[in-house]
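First comes the structure, then the notes that go with it.
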Amino acid sequence: AQKVTQAQTEISVVEKEDVTLDCVYETRDTTYYLFWYKQPPSGELVFLIRRNSFDEQNEISGRYSWNFQKSTSSFNFTITASQVVDSAVYFCALISYNTDKLIFGTGTRLQVFP
Amino acid sequence: GAVVSQHPSWVICKSGTSVKIECRSLDFQATTMFWYRQFPKQSLMLMATSNEGSKATYEQGVEKDKFLINHASLTLSTLTVTSAHPEDSSFYICSARTDRGLNTGELFFGEGSRLTVL
């Protein structure tokens with residue numbers, strides 16, 4: 001069975017604070033992909049990152065960084081120096097090669113206040 | 001980059017009518033498309049997976065006679081909500097993938113379609 005858990009339902013921070021969004025996943029497959037998406041109020045999904053199960057290197061893209069740890073089945077997302085425009089719902093998602101279904105976590109609503 | 005377009009973006013209909021939502025891959029051939037449903041402040045729930053030329057595979061609990069999915073070409077999949085009722089009001093999003101995407105994990109999402117049934 002596949003499962004994605006985002007334990008944080010809502011997070012509120014003040015601008016310029018760093019914030020980490022947690023994601024824990026479950027899968028029996030050895031080949032899988034993990035994703036993070038941003039969903040602003042308009043509804044469309046904005047792709048942030050895709051990482052395959054064989055690549056545990058952490059990644060940094062501007063103010064965004066991701067920490068992938070297979071040992072703890074986690075794929076956490078950190079926003080450094082948060083901005084008001086970062087306010088959105090963030091979804092972690094998983095698709096495994098064998099089941100071939102993209103499963104989403106319940107999402108974390110991030111509010112960044114000025 | 002690859003673009004997936006959904007139409008309409010917004011639709012309001014009366015209870016009992018049927019509504020068709022289109023999902024088009026504009027610059028690539030989508031061998032597989034996924035349809036999701038999202039209620040307000042909730043996550044995206046997979047409804048069905050469709051492969052071009054084949055019948056869609058529905059997730060448990062999704063009524064296949066109510067949510068008709070057609071994937072007749074490599075660039076178009078449609079979701080028809082038949083005899084819509086207010087509880088069908090939701091945000092529907094499609095996702096498309098090429099053959100290569102099965103190995104790379106590359107997926108492309110449409111902008112979503114917001115259905116309101118009065």
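Naming convention: chains lettered A, B, ... in sequence-line order (proteins, then strands); numbering from 1 in each chain. None of these values were measured; they are calculated from a predicted model.
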Check: Under the 3.5 angstrom rule, does the side chain of B:Y36 hit a backbone N or O of A:L102 as a donor-acceptor pair?
Finding: yes
Item checked: Region of A:Y33 in contact with chain B, defined by heavy-atom distances below 4.5 Å -> side chain
Next item on the list: Compare all side-chain heavy atoms of B:L44 with those of A:L45 and state whether any distance is below 4.5 angstrom.
Entry: yes
Checklist line | B:E87 atom CD, over 12 foreign heavy atoms within 6.0 Å | finding: yes
Note to self: So for atom NZ, which belongs to A:K3, do other residues, nucleotides or ligands contribute more than 12 heavy atoms lying within a distance under 6.0 Å?
What the structure shows: no
Notebook entry, point to check: With a 4.5 angstrom heavy-atom cut-off, which part of B:E59 approaches chain A: side chain, backbone, both or neither?
Noted result: side chain
Checklist line | Test of ring centre spacing under 6.0 Å for B:F109 and A:Y37 | finding: yes
Margin query: Taking atom CD1 as the centre, does A:I60 end up with more than 12 heavy-atom neighbours from other residues, nucleotides or ligands that are less than 6.0 angstrom away?
Written below: no
Margin query: For a quick test of reading the model, state the closest non-hydrogen atom pair linking B:S43 to A:T106 and the distance between them.
Written below: CB-CA, 3.8 Å
Margin query: If you define the side chain from C-beta out and look only at heavy atoms, does anything of A:I103 sit under 4.5 Å from B:M45?
Written below: no
Next item on the list: Kindly work out whether a path of hydrophobic side-chain contacts (I/L/V/M/F/W/Y, heavy atoms less than 4.5 Å apart) joins A:I11 to A:F77.
Entry: yes
Item checked: ILVMFWY cluster, A:Y64 and A:V13 together (side-chain gap under 4.5 Å) -> yes
Margin query: Give me the atom names and distance for the closest heavy-atom approach of A:F35 to B:L107.
Written below: CZ-CD1, 4.2 Å
Notebook entry, point to check: So, for A:F91 and B:Q42, which heavy atoms are closest and what is the spacing to 0.1 Å?
Noted result: CZ-O, 4.0 Å
Margin query: Other residues, nucleotides and ligands only: do more than 12 of their heavy atoms fall within 6.0 Å of NZ on B:K64?
Written below: no
Next item on the list: Tell me whether A:F68 is reachable from A:F104 by hopping between hydrophobic residues (I, L, V, M, F, W, Y) whose side-chain heavy atoms are closer than 4.5 Å.
Entry: no
Checklist line | Residue part contacting chain B, namely of A:Q39, when any heavy atom lies under 4.5 Å | finding: side chain
Check: Where does A:T31 contact chain B at under 4.5 Å (heavy atoms): side chain, backbone, both or neither?
Finding: neither
Item checked: Separation between CZ of A:R50 and OG1 of B:T104, rounded to the nearest 0.5 Å -> 5.0 Å
Item checked: Which portion of A:N52 sits near chain B, non-hydrogen atoms under 4.5 angstrom -> neither
Checklist line | Side chains of B:E106 and A:F47 in contact at under 4.5 Å (non-hydrogen atoms) | finding: no
Next item on the list: Please say whether more than 12 non-hydrogen atoms of neighbouring residues, nucleotides or ligands are located less than 6.0 Å from NZ in B:K20.
Entry: no
Note to self: I'd like to check B:K41 versus A:T9 (side-chain heavy atoms, cut-off strictly below 4.5 Å). Are they in contact?
What the structure shows: no
Note to self: Is it the case that the side chain of B:R114 and the backbone of A:G43 share a donor-acceptor pair, with hydrogens and angles ignored and the cut-off at 3.5 Å?
What the structure shows: no
Notebook entry, point to check: Do A:L94 and A:F75 sit in the same hydrophobic cluster, where Ile, Leu, Val, Met, Phe, Trp and Tyr count as joined when their side-chain heavy atoms come under 4.5 Å apart?
Noted result: yes
Next item on the list: For A:K101 and B:F34, work out which heavy atoms get closest and say how close.
Entry: CA-CE2, 4.5 Å
Next item on the list: Establish whether A:L21 and A:I49 are linked, either directly or via other cluster members, by ILVMFWY side-chain heavy-atom contacts under 4.5 Å.
Entry: yes
